[in-house]
S.K.: 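First, the structure itself, so that you have it in front of you.
Residue numbering restarts at 1 for every chain, and letters A, B, ... go by the order of the sequence lines.
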Protein chains: 2
Amino acid sequence: MATTQRRDGGGMSERRRARLRLEISREAARLFWEQGVTATSGDQIAEAVGLSTRTIWRHFRSKESCAEPIVMQGVVTLISVLRGWPRRSSLEDHLATELGRFRHEEPPVDRADEMLGMKMIRLADTEPALRTAWLMACDQTERELCAIIADCLERPAGDLEVRQHAAAAAAVVRVVEEHIGAVVLAGADATEFTDVVAVSRRFAHAIRTATGGVVGDAVA
Amino acid sequence: MATTQRRDGGGMSERRRARLRLEISREAARLFWEQGVTATSGDQIAEAVGLSTRTIWRHFRSKESCAEPIVMQGVVTLISVLRGWPRRSSLEDHLATELGRFRHEEPPVDRADEMLGMKMIRLADTEPALRTAWLMACDQTERELCAIIADCLERPAGDLEVRQHAAAAAAVVRVVEEHIGAVVLAGADATEFTDVVAVSRRFAHAIRTATGGVVGDAVA
DNA sequence: GCCTTGATGGTCACTTAGTGACATTCTGTC
DNA sequence: GACAGAATGTCACTAAGTGACCATCAAGGC
């Protein structure tokens, strides 16, 4: 197994665990995509990643949830970018600069993993078992948006109106991501989505519309 | 078992099956609520409804999906009302008159079932197994809204913008329903939600906002 | 009345997801 | 090197589902 190089006692174990989960998830997702979810057994995943079946169940509560980390990777960039949104710039501008930065300077997620994530989202459309994983990721986005929008509107995060805006925003983000994934996987001309500025504008416009215009503008 | 009284060959079987599924679902939901999902076995559900376990699996593909019909009952009224929306009246007015009609004249769903549905939605918050059932119901609403909004905007139902509006609208409806359920189950003062006009206004306003104002108005 | 037919439910054997208990190994600390 | 504890392997076990086959029952033709 890879070198651990922990600094303080116990804290690093968290990262180690996350890396292992991701590795398992990668193999599971590959198998799910290649031969379907039901045709993939826990034993197969275990063998592919080189662990015992029992250990798989120690890291994941169910077979389908093995896909979660890979799926979550797909939204983790967007979430972290949204979280860092300073309200003195418009949503379009912030997304464009930050997504661009992530794309070229420090890509936190492997390109192959990104493709795998899209494939899982695509599979979630027909495999009800995988749907949960995808919706968990969307739910995470929604919670994050709750905090952000609450901050924008200067209301508590549990406020009904805040939750409505967050749900609507997360929903349109979900639809756009599903659409991008479908287009990319279809092998069609995806240049429309390699332009970071265009994609940023699309996301920002969707969020602006879905929240009735209260989220997206820069504050003076 | 109940009398069959079929008229034509095979058509009635559909309804019979639906009734049986609902009956199983009712018992399953009751047990899920009383003792939790994991603590409820398939055998227990079978015994409660008076069938063999094998027959339960013939009607439901999984334990959790036993909750689906009851959960679906909660949205089926709203869906059918939305489907019947004539665009010459505003969404508020249509919802108020139709929901009122359903409430007093011909309630298609038992009050007890309605409460059970709320309980399942509540359970879905903590039991990931049940979440799928609830999200399936929301997904159904979203698909229905796709058709309605496509009609409003005179665009194809698969159009990206239509899907975004539908997703946003379905999301806010989900949040409002979760909120109503939580308030009712908390035993708090729920008079706010027994007033059909107020509830209709709330739904309509949420949808109007989430779709950027393009859905909700009457057309001239 | 009797037999066919088709749909539904029961019985039993079987696979597989997932857990509990305990032994083993691996990792970092002194 | 001895030690503590966290991670993993092994094995036995429960429970969710499935497949194959048989039993029952209502409807209709003769």
S.K.: Under 4.0 Å, heavy atom to any atom of DNA chain D: which of residues 54-61 of chain A qualify?
M.R.: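 Nucleic-acid contacts, sorted: Arg54(A), Thr55(A), Arg58(A), His59(A).
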S.K.: Show me the side-chain donor-acceptor pairs of residues 168-176 of chain A shorter than 3.5 Å, one per line, residues at least two apart or across chains.
M.R.:
{"from": "Arg174(A)", "atom 1": "NE", "to": "Glu178(A)", "atom 2": "OE2", "distance (Å)": "3.4"}
{"from": "Arg174(A)", "atom 1": "NH2", "to": "Glu142(B)", "atom 2": "OE1", "distance (Å)": "3.1"}
{"from": "Arg174(A)", "atom 1": "NH2", "to": "Glu142(B)", "atom 2": "OE2", "distance (Å)": "2.6"}

S.K.: Rounded to the nearest angstrom, tell me the gap between atom CD1 in Ile24(A) and atom P in dA7(D).
M.R.: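 After rounding, the reported distance stands at 13 Å.
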S.K.: Keeping to residues at least two apart or across chains, list the salt bridge (Lys or Arg N to Asp or Glu O under 4.0 Å) pairs with something in residues 34-59 of chain B.
M.R.: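 Every pair satisfying salt bridge (Lys or Arg N to Asp or Glu O under 4.0 Å) with a residue in residues 34-59 of chain B: Arg30(B)-Glu34(B).
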S.K.: Could you state the atom-to-atom distance from CG of Leu51(A) to C1' of dT10(D) in whole Å?
M.R.: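 Atom-to-atom, Leu51(A) to dT10(D), this comes out as 15 Å.
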S.K.: Mind jotting down which residue pairs meet the side chain to side chain donor-acceptor pair (under 3.5 Å) criterion with at least one end in residues 143-153 of chain A? Sequence neighbours excluded, please.
M.R.: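 Listed by first then second residue: Arg83(A)-Glu144(A), Asp139(A)-Arg143(A).
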S.K.: Cut-off 3.5 Å, no hydrogens considered: what does the side-chain donor-acceptor table look like for residues 156-164 of chain B, sequence neighbours left out?
M.R.:
{"from": "Asp159(B)", "atom 1": "OD1", "to": "Arg155(B)", "atom 2": "NH1", "distance (Å)": "3.1"}
{"from": "Asp159(B)", "atom 1": "OD2", "to": "Arg155(B)", "atom 2": "NH1", "distance (Å)": "3.0"}
{"from": "Asp159(B)", "atom 1": "OD2", "to": "Glu161(B)", "atom 2": "N", "distance (Å)": "2.9"}
{"from": "Asp159(B)", "atom 1": "OD2", "to": "Val162(B)", "atom 2": "N", "distance (Å)": "3.3"}

S.K.: Could you give the NZ-to-P distance, from Lys63(B) to dA17(C), as a whole number of Å?
M.R.: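 It works out to 16 Å between those atoms.
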S.K.: How is Thr53(A) classified with respect to the nucleic acid when contacts are heavy atoms under 4.0 Å: base, sugar-phosphate, or nothing?
M.R.: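 No contact.
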S.K.: Between dG9(C), dG9(D), dG17(D), which one does the side chain of Arg16(B) approach most closely?
M.R.: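 Between dG9(C), dG9(D), dG17(D), the one nearest the side chain of Arg16(B) would be dG9(C).
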S.K.: Tell me every residue that passes side chain to side chain contact (heavy atoms under 4.5 Å, CB included) with Thr40(B), counting only those two or more places apart in sequence or in another chain.
M.R.: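 Here the qualifying residues are Leu31(B), Phe32(B), Gln35(B), Gln44(B), Ile45(B).
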S.K.: Where along residues 65-72 of chain B does a heavy atom come under 4.0 Å from DNA chain C, residue by residue in number order?
M.R.: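 By residue number: none to list.
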S.K.: Which residues pass the side-chain hydrogen bond (donor to acceptor under 3.5 Å, both in side chains) test with Thr141(A), sequence neighbours left out?
M.R.: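 If we apply the side-chain hydrogen bond (donor to acceptor under 3.5 Å, both in side chains) test to Thr141(A), skipping adjacent residues, there are no hits.
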S.K.: Before accepting this row, confirm whether a basic side-chain N of the pair Glu98(B)/Arg101(B) lies closer than 4.0 Å to the acidic partner's carboxylate O.
M.R.: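 So Glu98(B) pairs with Arg101(B) through a salt bridge.
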S.K.: Please report the distance, rounded to the nearest Å, between CD in Glu23(B) and C1' in dT8(C).
M.R.: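 Atom CD in Glu23(B) sits about 15 Å away from atom C1' in dT8(C).
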S.K.: Distance check, rounded to the nearest 0.5 Å: Leu135(A) atom CG versus Met136(B) atom CE?
M.R.: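 Spacing of CG (Leu135(A)) from CE (Met136(B)) equals 8.5 Å.
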S.K.: Donor-acceptor pairs under 3.5 angstrom involving side-chain atoms of residues 119-127 of chain B: please list them, not counting sequence neighbours.
M.R.:
{"from": "Thr126(B)", "atom 1": "OG1", "to": "Leu123(B)", "atom 2": "O", "distance (Å)": "3.2"}
{"from": "Glu127(B)", "atom 1": "OE2", "to": "Val37(B)", "atom 2": "N", "distance (Å)": "3.3"}

S.K.: Which residues satisfy the salt bridge (Lys or Arg N to Asp or Glu O under 4.0 Å) test with Glu114(B), sequence neighbours excluded?
M.R.: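 For Glu114(B), the residues satisfying salt bridge (Lys or Arg N to Asp or Glu O under 4.0 Å) (neighbours in sequence not counted) are Arg103(B), Arg111(B).
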S.K.: Show me the pairs that pass ring pair (Phe, Tyr, Trp, His ring centres under 6.0 Å) and involve residues 157-187 of chain A, at least two apart or across chains.
M.R.: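 Qualifying pairs, neighbours excluded: His179(A)-Phe193(A).
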S.K.: Under 4.0 Å from any atom of DNA chain D, heavy atoms only: list the residues of residues 34-44 of chain B that qualify, in numerical order.
M.R.: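 Here the set is Thr40(B), Ser41(B), Gly42(B).
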